[in-house]
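Report on the following structure.
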Amino acid sequence: MGKRRILIVGGVAGGASCAARARRLSESADIVIFDRGDYVSFANCGLPYFIGNIIKKEKNLLMATPELFRDRFEIDVRLQSEVTAIDRAGSRIAVKDLRSGKSYYESYDALVLSPGAAPIRPQMPGSDLPGIFSLRTIPDSRQIKGWISRHNAGRAVIVGGGYIGMEMTENLLKLGLSVTVVEMQSQIMPLMDPEMARPIQAELVKNKVELCLNETVVGFEKGSDNLLSVKLKSGAVRETDLVILSIGVKPETKLARDAGLDIGQSGGIRVNKRMQTSDNKIWAVGDAVEVEDVITGHRGVVPLAGPANRQGRIAADVIMGRDAGFRGVQGTSVVGIIKLVAAFTGPSEKTLRNLGLWDETGRYEKVYLHPGDHAGYYPGSSPISLKLIFDRTDGRIISAQAVGKKGVEKRIDVISMAIQQKATVFDLEEAELCYAPQFGSAKDPINLAGMIAANVIRGDASMAHWEQLDPEQIFMLDVRDPSEFKKGAVNGAVNIPLNDLRRRRTEVPLDQEVWSYCFVGQRSYYAARALSQYGYHIKSVGGGYKTYMDRKGIS
Ligand SMILES: Cc1cc2nc3c(=O)[nH]c(=O)nc-3n(C[C@H](O)[C@H](O)[C@H](O)COP(=O)(O)OP(=O)(O)OC[C@H]3O[C@@H](n4cnc5c(N)ncnc54)[C@H](O)[C@@H]3O)c2cc1C
């Protein structure tokens, strides 16, 4: 292949990885990165922790510099250089040097767009007032830090309870600010199911974060006591010293649109599996593109660093003549929230229902479990709440969500890989995972999730879910110990501890549907196995009383 000129718009996750890979594949290519900002290849994911002083030095956010790209890779990085137009017919781009104000053209053989996504800033009264920030760049984080110290800020309002909102909450708490989170939906972390988000909400409340759920901001004013007043739809007002808007991002598609490239329905640049746009000399990667969900087939914008990096690499491979393709996304994510970690991969039950995929055919099923992160006999074990969704027709794993203090992300990573490999719950059952008591259990939570789900498919366990509960029709059998029962139980439940059950089974009606529950679902499963063999119509309630409390918001 002769000398090729590859121009890349955007020099962070997707753009930088594309450039470096292209150089590894071709020593002869001319590679130029344009970025309108002051930095190339910086760690946007580290910005909340820079604000929270966990990452102490700004220079630690820089993974590479233009000099490093020049010296190590012979890649020309042009900062403060905004690409303003694509001339597809002439295979060239217009670039504006933001320092000199001068514009010029550069020709390409291949053009890669990795312009990212911009934080959404809603237009509403007062939204341009000083002290209202969004977070995308190093200068944004510098401004937030400066504002906090200049004004000796003591209060913050975070608008949006997604992962950037949560990371900012944690970091502002660390700086000693009191924080209010305003979220339009009835839960924070809206990509998770509500019962899986509840422990996170409880953790926030425990740390004195004010949660305003089902609430929207309608405007801002200069404050009286504090610097700003935030007006909420309900009529409530919050006085604060700063506001962080973290209500989502919008793909940067202006260049692509103006050039007549196809844009998908979700608003991202349309690309094929080879990351090629509707013009076969132009590729697009990262937050700006529309991608396909591997499970639902639904096309959408999924702004995550991992996919952006991989897509950049794939685009470089394809440009250099290799056969490469992007497999699609699962949205695998993790977030740390004070002492908790929440992670998920694949679509939530809520998403499946919204897409009409979780229908009455009963194709999709879920199991809940709350095992320890490592063997209970070794000190320091703490529970992980895990929800696994699978296809009951063939056992294929659809998605998983988990919350706990430790070991959460490793379980979700294993399941994420299993989903990519189209594995089934039977594969999880048999997975051989590393074990020593301080790290896991001989039956790891992954194995347990697989076993419970496989039991359901094989018919070894009849499973019930709390949302199906009809107290009029169902005999609720609580098989926990009386001391646990006393602390809280489902209304009308009868307590027969598992150890007494065989002896006292005549107290359970034979002619009525029975649901057994315990704290996490294990003893109730044993109860269901035993009583079903005596002819009882019995189901075990998934996730037990712990999941009941998470659903009801009982802490
Ligand atoms: C605060 C924060 C925390 C995050 N945390 C995580 C995390 O923990 N995990 C995770 O997976 N993801 C996280 N992300 C998301 C992740 O950073 C993005 O998914 C990823 O950076 C996307 O890469 P990209 O190359 O598409 O775009 P970006 O990284 O946004 O880079 C785009 C670059 O293109 C430049 N540009 C745009 N238009 C032009 C133009 N016309 N001319 C020249 N330059 C242009 C922009 O200035 C920008 O520098 C976080 C994002 C933020 C903002």
Side-chain angles (χ1 to χ4, degrees), residues 7-19 32-52 55 61 63 77-86 93-98 103 106 111-120 133-141 144 158 160 162-168 170-171 244-246 248-259 268-269 271 275 283-289 291 301-313 315 329-336 341-343 345 409:
L7 305 185
I8 299 173
V9 184
V12 192
S17 71
C18 180
V32 189
I33 297 177
F34 301 88
D35 201 296
R36 64 182 174 211
D38 297 324
Y39 304 96
V40 65
S41 196
F42 69 93
N44 0 31
C45 310
L47 297 177
Y49 304 94
F50 175 57
I51 293 170
I55 299 170
L61 295 168
M63 273 120 73
V77 175
R78 300 189 197 167
L79 298 179
Q80 298 251 332
S81 299
E82 179 160 18
V83 176
T84 51
I86 305 169
I93 55 172
V95 185
K96 182 172 183 187
D97 181 334
L98 298 176
S103 292
E106 287 285 357
L111 175 65
V112 181
L113 306 177
S114 186
I120 296 170
F133 300 96
S134 49
L135 180 60
R136 181 182 184 191
T137 62
I138 292 179
D140 292 340
S141 58
I144 295 171
I158 311 261
Y163 76 86
I164 294 183
M166 290 298 99
E167 291 179 348
M168 282 309 300
E170 177 181 280
N171 281 287
I244 307 282
L245 296 173
S246 51
V249 293
K250 195 164 177 277
E252 294 232 23
T253 53
K254 185 170 184 315
L255 263 185
R257 273 179 205 275
D258 290 353
I269 303 170
V271 286
M275 305 315 299
W283 282 254
V285 301
D287 289 1
V289 303
V291 281
V301 177
V302 179
L304 288 172
N309 274 278
R310 296 200 305 282
Q311 292 162 6
R313 187 180 156 92
V329 288
Q330 296 157 229
T332 310
S333 306
V334 60
V335 62
V341 180
T345 182
E409 68 288 356

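Just follow the structure's listing: the first ligand is 1, and inside any ligand the first atom is 1. Numbering starts at 1 and runs along the sequence shown.
- From the protein, the heavy atom lying nearest to atom 19 (O) of ligand 1 is D287 OD1, 2.7 Å.
- Contact annotation: for I164 versus ligand 1, heavy atoms closer than 4.0 Å belong to the side chain alone.
- From the protein, the heavy atom lying nearest to atom 41 (N) of ligand 1 is V83 O, 3.0 Å.
- In terms of protein heavy-atom proximity, atom 48 (C) of ligand 1 is closest to D35 OD2, 3.5 Å.
- Shortest contact from atom 37 (C) of ligand 1 to any protein heavy atom: P115 O, 3.2 Å.
- The contact set between ligand 1 and F34, taken as ligand atoms under 4.0 Å from a residue heavy atom, comprises 43 (C), 44 (N).
- Ranking the protein heavy atoms by distance from atom 2 (C) of ligand 1 puts N44 O, 3.4 Å first.
- Heavy-atom proximity to L135, at under 4.0 Å, picks out these atoms of ligand 1: 1 (C), 53 (C).
- Counting only heavy atoms of the protein, atom 8 (O) of ligand 1 lies nearest to C45 CB, 3.7 Å.
- Note on ligand 1: Y39 sits outside its first shell, no heavy atom being nearer than 4.0 Å.
- Between R136 and E252, at least one side-chain N (NZ, or NE/NH1/NH2) sits under 4.0 Å from a carboxylate O, which counts as a salt bridge.
- Taking CD1 from I33 and CZ from R78, the interatomic distance works out to 11.0 Å, rounded to the nearest 0.5 Å.
- Atom numbering of ligand 1 starts at 1 in the shown order; those under 4.0 Å from a heavy atom of A13 are 20 (C), 21 (O), 23 (O), 25 (O), 29 (O).
- Between the side chain of S114 and the main chain of G15, a donor-acceptor pair closer than 3.5 Å is present.
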Steps toward side-chain contact (heavy atoms from CB on, under 4.5 Å) verdict (D287, V301): CA-CA 7 Å; D287 289 1; V301 177; 5.5 Å; no
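- To the nearest 0.5 Å, atom CZ of residue F34 and atom CD of residue E82 are 12.5 Å apart.
- Between L304 and ligand 1, a contact under 3.5 Å exists for at least one N or O pair.
- Below 4.0 Å from some heavy atom of G10 lie the following atoms of ligand 1, by number and element: 33 (C), 34 (O), 35 (C).
- Ligand-side atoms of ligand 1 in range of P303: 15 (C), 19 (O), range being under 4.0 angstrom from any heavy atom.
- Inspection of the D97 and Q80 side chains reveals no N or O donor paired with an N or O acceptor under 3.5 Å.
- One N or O on the side chain of S333 and one on the backbone of G331 form a donor-acceptor pair closer than 3.5 Å.
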Trace of the side-chain contact (heavy atoms from CB on, under 4.5 Å) decision for T84 with V95: CA-CA 6 Å; T84 51; V95 185; over 6 Å; no
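- Of the residues listed (L113, V285, V112), the one engaging M275 in a side chain to side chain contact (heavy atoms under 4.5 Å, CB included) is V285, and it is the only one.
- Remark: side-chain polar atoms of D35 are not paired, donor with acceptor, to backbone N or O of L79 under 3.5 angstrom.
- Numbered from 1 in the order shown, with element, the atoms of ligand 1 that lie under 4.0 Å from a heavy atom of R136 read 30 (O), 32 (C), 53 (C).
- Side-chain N or O atoms of S246 include one that pairs as donor or acceptor with a backbone N or O of G160 at under 3.5 Å.
- Ranking the protein heavy atoms by distance from atom 39 (C) of ligand 1 puts R36 NH1, 3.8 Å first.
- The closest heavy-atom contact to atom 25 (O) of ligand 1, among the options A118, G286, S114, comes from S114.
- At least one heavy atom of S81 sits closer than 4.0 Å to an atom of ligand 1.
- Scanning the protein heavy atoms around atom 12 (N) of ligand 1, the nearest turns out to be A305 N, 3.3 Å.
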Stepwise side-chain contact (heavy atoms from CB on, under 4.5 Å) check, V341 with V335: CA-CA 6 Å; V341 180; V335 62; over 6 Å; no
Audit row: N44, T137, side-chain contact (heavy atoms from CB on, under 4.5 Å) steps and yes/no: CA-CA 6 Å; N44 0 31; T137 62; over 6 Å; no
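- Compare I244, V9, V12, T332 by their heavy atoms: the one nearest to atom 29 (O) of ligand 1 is in V12.
- Inclusion of A308 in the set of residues having an N or O under 3.5 Å from an N or O of ligand 1 is not warranted.
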